[in-house]
Amino acid sequence: MRAWPATVEGLILEQEELARASPPRLRPTGDPAIGGCFVCFARGKTGPGEAGDPGWAGAAVVRRGRVLASAVVTGKAGAAYEPGLLALREGPLLEAAVLELAEGPDVLLVNATGRDHPRGAGLALHLGAVLELPTVGITHRLLVAAGDWPADEHGATSAFHLGGKPVGYWLRTRRGTRPLAVHAAWRTDAEAAVALVGSILGTTRTPEPLRQARQSARTARASSL
DNA sequence: GCGACAG
DNA sequence: ATCTTGTCGC
């Protein structure tokens with residue numbers, strides 16, 4: 001088991017080590033239990049926030065569109081948000097939420113980048129290493145990678161690269177809306193990541209596991225205010 | 001002046 | 001992350 005670094009220096013060293021690791025690739029299965037996790041903070045505030053900000057983390061597991069389990073946990077942000085160091089702010093909270101799930105997922109969707117990162121180890125990849133679970137990152141924007149958007153057709157994809165290598169795919173989950181960036185993370189490469197997410201597309205822009213997790217977190221926030 | 005970097 | 005009007009579609 002790995003622990004979350006508590007300092008910038010510690011996290012940077014950990015990220016460099018995680019980027020060098022080459023854990024066994026995820027082996028696709030029939031219909032996997034797919035998890036999702038999401039963290040939100042108080043409404044009305046803007047900017048990077050600060051350490052100690054109260055946060056709500058939700059997690060859910062879905063299989064064939066059915067919610068198998070969901071959980072929510074409250075806690076405090078470990079630090080202010082800073083690009084490249086998101087793990088410091090949200091890592092422990094997300095881990096706690098996933099550990100609360102009555103039924104663990106086969107693979108986890110995380111609201112963060114994976115290999116698309118200054119040191120090749122974004123929070124989605126890091127969380128997977130800590131939880132020892134294959135992960136896929138899902139974001140609205142790229143961190144340091146680059147790649148053009150795909151056609152405005154449901155299911156359309158286009159790769160984005162970093163250092164000449166593909167680290168994920170833009171995926172149009174719904175026509176008329178901006179595509180989601182699907183990132184290679186822990187034990188997943190760009191192809192496996194986009195294949196997984198592409199296989200569970202519904203009518204909503206956000207993949208169901210992530211949607212459920214987000215809803216849980218926001219509902220918890222609403223009832224504790 | 002322009003561009004800017006997950007959440 | 002969160003702030004936002006109107007608009008479209010089920």
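All values derive from a computational prediction rather than experimental measurement. We name chains A, B, ... by the order of the sequence lines, and we start the count at 1 in each one.
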Rounded to the Å, how far apart are A:Leu162 CG and B:dC5 P?
-> 13 Å
Which part of the nucleic acid does A:Tyr81 contact within heavy-atom distance under 4.0 Å: base, sugar-phosphate only, or nothing?
-> base
May I ask you to say what A:Gly47 touches in the nucleic acid, namely base, sugar-phosphate or nothing, with a heavy-atom cut-off under 4.0 Å?
-> base
Taking only the side-chain nitrogens and oxygens of A:Asn111, find out if one of them lies under 4.0 Å from OP1 or OP2 of C:dA1.
-> yes
Stem list, DNA chain B (Watson-Crick or G-U pairing under 3.5 Å, at least 3 consecutive pairs) | none
Residue A:Phe38, side-chain heavy atoms: nucleotide from C:dA1, B:dC5, B:dG7 that is nearest = C:dA1
Qualifying residue for salt bridge (charged side-chain N to carboxylate O under 4.0 Å, His left out) with A:Asp53, from A:Arg43, A:Lys76, A:Arg89 = A:Arg89
Cation-aromatic face contact A:Arg221/A:Phe41, 6.0 Å, 45 degrees | no
Which nucleotide in the set B:dG7, C:dT2, B:dA6 lies at the smallest distance from any side-chain heavy atom of A:Glu90?
-> B:dG7
How is A:Arg214 classified with respect to the nucleic acid when contacts are heavy atoms under 4.0 Å: base, sugar-phosphate, or nothing?
-> nothing
Identify whether any heavy atom of A:His117 sits under 4.0 Å from a base atom; if not, whether one sits that close to sugar-phosphate; answer base, sugar-phosphate or nothing.
-> base
Side chain to side chain donor-acceptor pair (under 3.5 Å) assessment of A:Glu90 paired with A:Tyr81 | CA-CA 9 Å; A:Glu90 307 181 349; A:Tyr81 165 70; over 6 Å; no
Calculate the interatomic distance between A:Leu143 atom CG and B:dG3 atom P; express it in whole Å.
-> 19 Å
In whole angstroms, the gap separating P of B:dA6 from CD of A:Gln15 amounts to 14 Å
Would you please indicate yes or no on a ring centroid separation below 6.0 angstrom for A:His183 and A:Tyr169?
-> no
Could you state the atom-to-atom distance from CG of A:Leu85 to P of C:dA1 in whole Å?
-> 19 Å
Tell me: CD of A:Gln215 to P of C:dA1, nearest whole Å?
-> 15 Å
What nucleic acid atoms does A:Pro48 come within less than 4.0 Å of, heavy atoms only: base, sugar-phosphate, or nothing?
-> base
Does C:dT2 have OP1 or OP2 sitting under 4.0 Å from an N or O in the side chain of A:Arg221?
-> yes
Checking all strands, does A:Arg174 fall into the base, sugar-phosphate, or nothing category for heavy-atom contacts under 4.0 angstrom?
-> nothing
Any salt bridge between A:Glu17 and A:Arg2, counting N to O under 4.0 Å?
-> yes
Side-chain N or O of A:Arg43 less than 4.0 angstrom from OP1 or OP2 on C:dA1?
-> no
Verify whether one side chain among A:Trp149 and A:Ser158 offers a donor that lies under 3.5 Å from an acceptor in the other.
-> no
Check: A:Thr173/A:His154 side-chain N/O donor and acceptor closer than 3.5 Å = no
Which is true for A:Leu94 with a 4.0 Å heavy-atom rule: it touches a base, it touches only sugar-phosphate, or it touches nothing?
-> nothing
For the pair made of CG in A:Asp116 and P in B:dA6, what is the distance, rounded to whole Å?
-> 10 Å
Take the protein atom CZ of A:Arg89 and the nucleotide atom P of C:dT2, then report the distance between them rounded to whole Å.
-> 11 Å
Is a side-chain N or O of A:Asp116 found less than 3.5 angstrom from the main chain of A:Leu143, in a donor-acceptor match?
-> yes
Check if the side chain of A:Thr113 and the base of B:dA6 share a donor-acceptor pair of N or O atoms closer than 3.5 Å.
-> yes
Touch check for A:Gly176, heavy atoms < 4.0 angstrom, all strands: base, sugar-phosphate only, or nothing?
-> nothing
Within the structure shown, what part of the strands sits under 4.0 Å from A:Leu142 by heavy-atom distance: base, sugar-phosphate, or nothing?
-> sugar-phosphate
Could you state the atom-to-atom distance from CG of A:Leu127 to P of B:dG7 in whole Å?
-> 15 Å
Centroid separation A:Trp4 to A:His126 less than 6.0 Å = yes
Please state whether the phosphate of B:dA4, meaning OP1 or OP2, lies under 4.0 angstrom from any side-chain nitrogen or oxygen of A:Arg141.
-> no
